[in-house]
Amino acid sequence: MTQKHQEQQEHREQQGGSRGWSAARKGVWSRLRFTSLRLRLVVVFGLVALTAAVSASGIAYWLNREAVLTRAQDAVLGDFEQEMQNRAGALPEQPTQEELQYTAGQMANSSQRFSVLLIAEDPEGRTVYGGSGGLSGFSLQDVPVSLREAVNERQKITSTNKYAYHLYWQRIVDDGTPYLMAGTRTIGGGPTGFMLKSLEPEAKDLNSLAWSLGIATGLALIGSALLAQVLATTVLKPVQRLGTAARRLGEGKLDTRLRVSGTDELADLSRTFNKAAEALEKRVADMAARDEASRRFVADMSHELRTPLTAITAVTEVLEEELEFEGGGIAPMVEPAVRIVVSETRRLNDLVENLMEVTRFDAGTARLVLDDVDIADQITACIDARAWLDAVELDAERGIHARIDPRRLDVILANLIGNALKHGGSPVRVSVREESGDGNEDGDGSGGNPSDGADGASGTEAAADEAADAGADPGTGTEGGGGGTVIIEVRDQGPGIPEDVLPHVFDRFYKASASRPRSEGSGLGLSIALENAHAHGGEITAVNAPEGGAVFTLWLPRDVSVLMEEETEGTEGTKDARKRTGGTSGKARGGKGGALRENAEGDAR
């Protein structure tokens, strides 16, 4: 293999590696994308678990918070109320400040350890204060006004309310620390007392509880995600196997079957798939057998017809010589019949040869015989051999060379130009240009741009898109072709191709009008031209020019030998090229084909 071919091989291997990495990334993303059923299952499970955990944690925290605060609050208030009755109630109605101070200290030393502030009037009528001195000096300014007003408010004594004054409490927060503050007046007269108790221990316990519930919620969320992953794997694994089997079935591996286990709905789906695949395999096998029998019949019939046709052709040649010889022995009344026999014999001979060529393509026995040719010289020879010089305008510079099969190129050109002359009208314009491997035009290209399609888009772009879809790359040549692309355009001056006929111009035996089932052509010319283009790894497209007329564009790689070498080596690049060309080119390169008559078939337009 030459250095150029080695570089191309290395480039394809690098592209294959990048494609593999890209495919791996796409596979990971396909499992993570938001439309993925796996991700949706995990998200739904996570949301359900998160909602349940947050709800349970919130309810548990609220209940525990109320229980803790209520328990601490009841204990403190009960102790404070007891101390007010026992110690503050023992004070005289007009105690001194020392007595208040002493009593407040004793009350603060109770089991709950709160700060106390006592307020009363001394014998001289002055308001005196006595505090326990805790919490940086608990004073009256620290007591909210609302609490002071509630404590000093005198209640009406009724059958249900035996006391004029009651115990009131309030929770406050100072510098981020929660406190419980309460106040009451001594029953039967005496000092007013206020209490301040820090709830920081209870707040720490509640914070610890909140952290514990948060951790439990997080663990529940992680557990639900893992459970959802396991469940998704269990549920989606059969679905993934089914998808893989469906792709293999679509690739033509009709023997693909799924392993069935269980009795659930997925197992029923697998059984249904296996039954459908089995039925499809049987149907395809039957169709392939019928198709093979049909091709064998056409091939055998064509071969059997050649023997009598040889004798008939020899007789018609003698009759034709008699017609052309002056003073011949053919009667004037018989002469029209003889001419019909000669014409129909030639047509029958052409049809048999075309049928044999089609069977070679179908059987995969057509092979290219490559040679270096000048495209302009080849087109000139094709036109000159058929006496089309007066009806064809050639716009091609010499020096555009390609390594192709000259005989098959001649068949393609003869069919395209002959079809344009027969159905489109002269003058037929044939132009040639070339594109390098980077997609830039290297040739003259004057007048060689394809006309716009029927939809108003550029004909060059439309043809390029169609060629790319079929496997021929207009810019770089077909894969493995190397050296760029040769583009040959055949434009006629006719009315164009009807829109309903345009998609079928390359179909075998297609007739544009059912009222004309019989025509001079066999309906195989354009089909054979397309098969020969595919054999080179190229493509033919057909569009209508906006100013009228049809444009057939032929795309051929500059060097087909590289493609043939890759097929011999069995590289992956060749498999991709065959897939892009629908397998037709692979059939057409299988073996050596016989001669094809160089006639222009009149495909229906």
Side-chain angles (χ1 to χ4, degrees), residues 294-362 365-366 381-392 406-423 426 428 508-513 515-529 531-532 592-605:
S294 176
R295 286 200 302 266
R296 190 182 304 113
F297 170 76
V298 173
D300 294 344
M301 180 190 67
S302 301
H303 281 285
E304 293 297 328
L305 286 176
R306 293 190 71 181
T307 301
L309 272 178
T310 302
I312 295 174
T313 301
V315 173
T316 55
E317 288 177 353
V318 173
L319 293 175
E320 190 176 15
E321 290 177 356
E322 289 292 331
L323 289 174
E324 295 176 354
F325 180 70
E326 295 182 359
I330 297 179
M333 296 183 64
V334 182
E335 181 177 343
V338 173
R339 293 189 182 276
I340 292 175
V341 170
V342 171
S343 175
E344 291 301 317
T345 301
R346 288 177 178 173
R347 181 172 176 273
L348 181 60
N349 198 17
D350 293 341
L351 177 60
V352 171
E353 293 293 339
N354 286 338
L355 287 174
M356 292 184 65
E357 185 69 9
V358 169
T359 57
R360 292 189 190 101
F361 282 117
D362 291 341
T365 58
C382 174
I383 296 174
D384 184 60
R386 294 161 179 81
W388 290 339
L389 291 176
D390 295 336
V392 178
R407 184 185 67 84
R408 295 189 181 276
L409 176 61
D410 184 80
V411 172
I412 297 173
L413 294 172
N415 281 285
L416 294 181
I417 298 174
N419 183 78
L421 289 172
K422 183 174 299 184
H423 299 286
S426 60
V428 173
R508 297 177 182 178
F509 301 107
Y510 180 78
K511 300 293 184 180
S513 176
S515 62
R516 296 187 297 111
R518 183 181 182 278
S519 63
E520 296 181 4
S522 63
L524 292 173
L526 291 179
S527 174
I528 292 175
E531 295 285 359
N532 280 292
K592 184 178 294 185
L596 176 66
R597 288 183 59 89
E598 300 170 346
N599 67 319
E601 287 299 332
D603 285 62
R605 182 178 290 184

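Predicted model only: the values in this text are computed from it and were never measured. In this chain, numbering begins with 1 at the start of the sequence shown. Basis for what follows: all heavy atoms, side chains included, without hydrogens, waters or symmetry-related copies.
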Practice item. Taking all heavy atoms of Cys382 and all of Ala414, pick out the closest pair and write down the distance. Key: SG-N, 3.7 Å
Review point. Looking only at heavy atoms, what is the nearest atom pair of Asn415 and Gly525, with distance?
Key: OD1-CA, 3.0 Å
Exercise for review: Taking side-chain contact (heavy atoms from CB on, under 4.5 Å) as the test, write out the residues that go with Thr313, two or more places apart.
Suggested key: Thr316, Glu317, Thr345, Asn349
Point to revise | Minimum side-chain heavy-atom gap Ile312-Glu344 below 4.5 Å | key: no
Review point. Can you tell me how far CZ of Arg386 sits from CG of Leu413, rounded to the nearest 0.5 angstrom?
Key: 8.5 Å
Review point. Is the closest side-chain heavy-atom distance between Ile528 and Ile412 below 4.5 Å?
Key: no
